[in-house]
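Computed from a predicted model, the values in this text were never measured in an experiment.
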Amino acid sequence: MVNIKKILCAIDFSDMSKKVAEYAKTLAEALKGEIVVLYVAPSLSQYVGFHVPPASIETFVGEIVSGAEKTMEVFIQENFEDMKATGIVRTGYAAEEILDLAKTEDVDLIVMGTHGRKGIDRILFGSVAEKVVKSSDKPVLTIRPE
């Protein structure tokens, strides 16, 4: 029998994140599991060399992470009250960080949203959810926007 005790809930703090959290919470409650909530801030390292001093980029990323950590605390209080839930903020490429955390935390399931991009947007921006689904050795539940 499949044993799901630890769920990784990957969010981006968009309006869709609340819906993703609802699915993760429902599953965790039903299975008596715990939740690890992950937000990945962009590293912006690809902008070094565009006439922006690296120190400015590091300061900006630091401010993003600091703000995200505060937002994470509120998000967990609002969406996972009375549950075992841990919030983690990382910096980097979202798909890579989700996959890495899934391994290091040894989660049993990944729950994440999709933005439902189509056409040229999907070609230009790719799909974090698609990369995670194709590369993960853990099951992935994707939630599409309505």
*Asks:* Within this structure, what is the CZ-CD distance for the pair Phe80 and Glu29, rounded to the nearest 0.5 Å?
*Replies:*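 That separation rounds to 9.5 Å.
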
*Asks:* Provide the closest heavy-atom pair for Ile7 versus Ala24 in the form atom of the first, atom of the second, distance.
*Replies:*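 So the minimum-distance heavy-atom pair works out to CD1-O, 4.0 Å.
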
*Asks:* Rounded to the nearest 0.5 Å, what's the gap from CD1 on Ile98 to OH on Tyr39? Could you check?
*Replies:*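 Taking CD1 in Ile98 and OH in Tyr39, the distance rounds to 11.5 Å.
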
*Asks:* Just do the side chain to side chain contact (heavy atoms under 4.5 Å, CB included) check on Met112 and Ile143 with the steps written out, would you?
*Replies:* CA-CA 6 Å; Met112 63 187 301; Ile143 313 302; over 6 Å; no

*Asks:* Quick one: CD on Glu22 to SG on Cys9, what's the gap to the nearest 0.5 Å?
*Replies:*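 That separation rounds to 10.5 Å.
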
*Asks:* Rounded at 0.5 Å granularity, tell me how far CD in Glu96 sits from NZ in Lys131.
*Replies:*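 Between atom CD of Glu96 and atom NZ of Lys131 there are 8.5 Å.
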
*Asks:* Which pairs pass salt bridge (Lys or Arg N to Asp or Glu O under 4.0 Å) with one or both residues in residues 104-115, sequence neighbours excluded?
*Replies:*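 Every salt bridge (Lys or Arg N to Asp or Glu O under 4.0 Å) pair that includes a residue of residues 104-115, provided the two are not neighbours, is Lys6-Glu105, Asp106-Lys138.
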
*Asks:* Check whether Phe75 and Met83 end up in the same hydrophobic cluster, where Ile, Leu, Val, Met, Phe, Trp and Tyr are linked by side-chain heavy atoms less than 4.5 Å apart.
*Replies:*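 Phe75 clusters together with Met83.
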
*Asks:* Give every residue pair that meets the salt bridge (Lys or Arg N to Asp or Glu O under 4.0 Å) criterion with at least one member in residues 79-91, sequence neighbours excluded.
*Replies:*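 Those involving residues 79-91 are Glu34-Lys84, Arg90-Glu97, Arg90-Asp100.
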
*Asks:* Indicate yes or no: at least one non-hydrogen side-chain atom of Met72 is less than 4.5 angstrom from one of Phe13.
*Replies:*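 When only atoms from C-beta onward are counted, Phe13 and Met72 do touch, with a gap below 4.5 Å.
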
*Asks:* Could you check if a side-chain atom of Leu141 sits within less than 4.5 angstrom of a side-chain atom of Ile110, using non-hydrogen atoms only?
*Replies:*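 Of all side-chain heavy-atom pairs linking Ile110 with Leu141, none is under 4.5 Å.
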
*Asks:* For the pair Ser17 (side chain) and Asp12 (backbone), establish whether a donor and an acceptor sit closer than 3.5 Å, ignoring hydrogens and angles.
*Replies:*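 Yes: the side chain of Ser17 pairs with the backbone of Asp12.
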
*Asks:* For a quick test of reading the model, state the closest non-hydrogen atom pair linking Ala41 to Val65 and the distance between them.
*Replies:*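 Taking Ala41 first and Val65 second, the nearest heavy atoms are CB-CG2, 4.2 Å.
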
*Asks:* So with a 6.0 Å cut-off around NZ of Lys5, is the heavy-atom count from everything else above 12?
*Replies:*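 Atom NZ in Lys5 is crowded, with more than 12 foreign heavy atoms closer than 6.0 Å.
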
*Asks:* Taking all heavy atoms of Asn79 and all of Ala21, pick out the closest pair and write down the distance.
*Replies:*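 Taking Asn79 first and Ala21 second, the nearest heavy atoms are CB-CB, 4.0 Å.
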
*Asks:* Evaluate whether atom CG of Asp15 has more than 12 neighbouring non-hydrogen atoms of other residues, nucleotides or ligands under 6.0 angstrom away.
*Replies:*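 Counting neighbours around CG of Asp15, 12 or fewer heavy atoms of other residues, nucleotides or ligands fall under 6.0 Å, so no.
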
*Asks:* Kindly determine whether Val40 and Thr91 satisfy side chain to side chain contact (heavy atoms under 4.5 Å, CB included), including the steps that lead there.
*Replies:* CA-CA 5 Å; Val40 181; Thr91 304; over 6 Å; no

*Asks:* Ile35 and Thr86: side chain to side chain contact (heavy atoms under 4.5 Å, CB included), yes or no, with the steps?
*Replies:* CA-CA 6 Å; Ile35 297 176; Thr86 306; over 6 Å; no

*Asks:* Determine whether Ile11 and Leu38 make a side-chain contact, defined as any pair of heavy atoms from C-beta on separated by less than 4.5 Å.
*Replies:*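 A side-chain contact under 4.5 Å is absent here.
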
*Asks:* Please examine the side chains of Val37 and Ile76, heavy atoms only from C-beta on, and report whether any two atoms are closer than 4.5 Å.
*Replies:*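 A side-chain contact exists here, since the closest heavy-atom pair is under 4.5 Å.
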
*Asks:* For Leu99, check side chain to side chain contact (heavy atoms under 4.5 Å, CB included) against everything at least two apart and list the hits.
*Replies:*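 Here the qualifying residues are Val132, Ser135, Ser136.
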
*Asks:* Might you point out which heavy atoms bring Ala129 and Thr114 nearest each other, and give the distance in Å?
*Replies:*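 Heavy atoms only, the tightest pair is CB-CG2, 3.6 Å.
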
*Asks:* What's the spacing between Leu27 CG and Ile4 CD1 if we round to 0.5 Å?
*Replies:*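 Between Leu27 CG and Ile4 CD1, I get 7.0 Å after rounding to 0.5 Å.
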
*Asks:* Please evaluate residues Leu8 and Val111 with respect to the criterion side chain to side chain contact (heavy atoms under 4.5 Å, CB included), reporting the C-alpha separation (whole Å), side-chain torsions for both, the decisive distance (0.1 Å), and the verdict.
*Replies:* CA-CA 6 Å; Leu8 172 56; Val111 179; over 6 Å; no

